[in-house]
> 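Sharing a structure here in structure tokens format.
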2 protein chains.
Amino acid sequence: MRIGELSRRTGVPVPTIKYYLREGLLPPGELSSPNQASYDDRHVHRLKLVRALVDVGELSIAAAKDVLAAIDSPGLPVHSMLGRAQRAVITSRAGTDDESRESARREVADLFDRHGWAIKEHSTSRQALVELLATLRSLGHDDFIDLLDDYAAAAATLATAEIDWISQDTTSDVMVERAIVGTVLGDSLMITLRRLAQEHESATRFLDGSPQPDRVSGPDGP
Amino acid sequence: MRIGELSRRTGVPVPTIKYYLREGLLPPGELSSPNQASYDDRHVHRLKLVRALVDVGELSIAAAKDVLAAIDSPGLPVHSMLGRAQRAVITSRAGTDDESRESARREVADLFDRHGWAIKEHSTSRQALVELLATLRSLGHDDFIDLLDDYAAAAATLATAEIDWISQDTTSDVMVERAIVGTVLGDSLMITLRRLAQEHESATRFLDGSPQPDRVSGPDGP
DNA sequence: GGGTATGGATAGGATAACTATCCGACAGTG
DNA sequence: CACTGTCGGATAGTTATCCTATCCATACCC
């Protein structure tokens with residue numbers, strides 16, 4: 001198929017496909033003549049994947065390119081794959097002062113001890129967590145940290161289930177794509193469900209027993 | 001204090017503070033003369049909050065402005081507050097075709113039944129979830145949906161804990177800020193922990209038993 | 001063989017989030 | 001009270017990201 005049909009089958013405009021080709025998100029089609037290329041079903045799937053990562057997973061084009069590059073390197077072990085997918089998603093930041101960060105660092109270490117997590121000190125996610133706790137503290141919401149163990153326990157359960165899922169199919173290609181999809185879209189899924197659960201819980205808690213004033217709206221009101 | 005000290009105390013550059021003032025994220029200081037304003041601790045806190053929402057919570061300036069506006073409207077009930085915080089975070093999208101979306105819609109309805117969630121059909125998050133499942137399906141990863149109940153159960157637990165936390169302090173102002181901080185930073189927290197749990201789980205699963213080839217790296221390797 | 005589509009290159013546009021510059025007005029120092 | 005540095009407010013410029021638009025020589029299709 002040529003670029004027009006690729007566009008029709010995926011809903012992605014032709015100029016955008018060209019852009020993705022330029023950026024290396026999408027491998028070039030097979031050239032039948034110097035200026036005539038043909039694409040196949042793999043391109044269709046890849047393009048859908050790109051849109052999923054970018055639209056649903058909210059990756060930047062550059063980050064998407066990174067993870068996709070991992071898909072293309074054959075035989076990469078799943079653990080490093082996961083890592084690569086993770087690094088693509090993480091946007092590092094640092095904004096708090098050293099004092100609050102120091103105590104946050106200890107809290108994180110304790111948390112990992114309690115849950116038996118062996119995470120390297122320089123892990124990007126670990127630093128992100130430290131920064132997050134320091135931020136909460138500097139805002140005066142240190143007690144949110146009481147919920148930390150609940151969050152961590154939930155995260156552990158999900159991680160186990162997800163890695164089970166990744167391991168279900170032992171084909172390397174499939175595992176790699178699952179690792180990516182699971183990491184990236186799994187984030188979105190978790191967030192969306194958390195929001196829905198909040199919506200339900202807050203409705204039953206704050207609305208059911210005690211009806212609210214007139215023009216009050218719930219999570220999706222005006 | 002004047003703008004320079006505000007900047008020093010928060011680490012935010014003066015021009016950026018001016019920008020936030022222009023955009024209405026930060027209320028103007030009190031004018032002592034036509035061109036001399038003074039700021040106080042409330043400005044310091046607000047500015048920290050802005051940076052937390054923008055840097056850690058990854059809200060856009062416009063979205064941050066929205067949630068902050070909610071903080072400023074007095075006496076807003078918590079349920080609507082939560083909703084407002086949520087809408088600021090959600091970036092709506094639509095990309096899948098109608099057929100896969102239709103079956104996704106049913107799956108979502110079933111899920112909500114199983115968990116006893118009463119969520120309105122037009123809820124933004126609900127639509128986001130439908131879109132997400134449809135995307136997974138179109139990528140050929142429908143079986144990821146088997147994990148849905150685990151995710152939902154985890155989300156429910158967390159939502160309960162979080163709304164308990166919000167309700168701990170009955171001062172309206174505090175509840176409102178907690179709803180926002182909990183929603184926005186809670187997202188980041190959950191994602192970060194999920195990643196850490198994955199890192200741990202994948203390390204114990206894929207590395208411990210079977211050492212990998214030489215130059216292989218974990219989630220934070222080169 | 002003539003209109004339409006294609007591939008590849010290059011340029012242009014939209015938006016977001018700052019950042020820089022200016023200028024006239026203070027403010028603190030001595 | 002002069003002087004040096006900072007301030008508030010306005011306006012313009014910058015950078016990055018993610019596309020769109022336009023060209024043009026070729027190729028496909030009827």
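Chain letters run A, B, ... following the sequence lines, proteins first and then strands; every chain starts at 1. Please read all numbers here as calculations on a predicted model, not as lab measurements.
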> Rounded to the nearest Å, what distance is computed from the CD1 atom of residue A:I17 to the P atom of nucleotide C:dG7?
9 Å
> Is a donor from one side chain sitting under 3.5 angstrom from an acceptor on the other, for B:Y39 and B:R46?
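No, because no side-chain N or O of B:Y39 sits under 3.5 Å from a partner of the opposite role on B:R46.
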> Of the residues in residues 18-29 of chain B, which ones touch DNA chain C at a heavy-atom distance under 4.0 Å?
B:Y19, B:Y20, B:R22
> As a test of reading the structure: which of C:dT19, D:dG8, C:dA17 is closest to the side chain of B:Y39, going by heavy atoms?
D:dG8
> Let me see the working for A:D55 and B:E131 under side chain to side chain contact (heavy atoms under 4.5 Å, CB included), right down to the final yes or no.
CA-CA 11 Å; A:D55 290 350; B:E131 206 63 40; over 6 Å; no
> Below 4.0 angstrom from OP1 or OP2 of C:dG8, is there any side-chain N or O of A:N35?
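So the side-chain polar atoms of A:N35 never come under 4.0 Å of the phosphate oxygens OP1 or OP2 of C:dG8.
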> If you find the nucleotide of DNA chain D closest to A:L59 and the one closest to B:I3, which residue's nucleotide is nearer the 5' end?
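Final value for this comparison: B:I3.
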> Check the distance between D:dC18's P and A:E58's CD and give it to me in whole angstrom.
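So the CD-P distance, A:E58 to D:dC18, works out to 12 Å.
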> If you assign each of A:P13 and B:S38 to its closest nucleotide in DNA chain D, which residue comes earlier from the 5' end?
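Closer to the 5' end of DNA chain D: B:S38.
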> When you check the gap from the basic side-chain N to the acidic O, do B:E102 and B:R105 get nearer than 4.0 Å?
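Yes, this pair counts.
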> Reading DNA chain C from 5' onward, which residue's closest nucleotide shows up sooner: B:S32 or B:D55?
B:D55
> I need the CG-C1' distance between A:L31 and D:dA27, as an integer number of Å.
13 Å
> How close or far is atom P of D:dA27 from atom CD of A:E30, stated in whole angstroms?
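These atoms are roughly 17 Å apart.
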> Measure from CD on B:Q36 to P on D:dC7 and round the result to the nearest Å.
8 Å
> Roughly how many Å is it from CD in B:E5 to P in D:dG8, rounded to a whole number?
12 Å
> Where the side chain of B:R84 meets the backbone of B:I180, is there a donor-acceptor pair that is under 3.5 Å apart?
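No, because the side chain of B:R84 does not come within donor-acceptor range (under 3.5 Å) of the backbone of B:I180.
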> For C:dC26, does either OP1 or OP2 sit under 4.0 Å from a side-chain N or O belonging to B:S33?
yes
> To the nearest Å, how far apart are A:R2 CZ and C:dT6 P?
5 Å
> Indicate yes or no for a side-chain donor-acceptor contact from A:S7 to the backbone of A:I3 under 3.5 Å, with no hydrogens or angles considered.
no
> OP1 or OP2 of C:dT19 sitting under 4.0 Å from any side-chain N/O of B:T16?
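Indeed, a polar side-chain atom of B:T16 lies that close.
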> Please step through side chain to side chain contact (heavy atoms under 4.5 Å, CB included) for the pair B:D169 and B:E177, ending with a clear verdict.
CA-CA 11 Å; B:D169 190 315; B:E177 189 172 316; over 6 Å; no
> For the pair A:R126 and A:E121, evaluate side chain to side chain contact (heavy atoms under 4.5 Å, CB included) and give the outcome as yes or no after the intermediate values.
CA-CA 7 Å; A:R126 181 176 187 148; A:E121 185 73 42; 3.8 Å; yes
> Rounded off to whole Å, could you give me the CD1-to-P distance for the A:I61 and D:dC18 pair?
5 Å
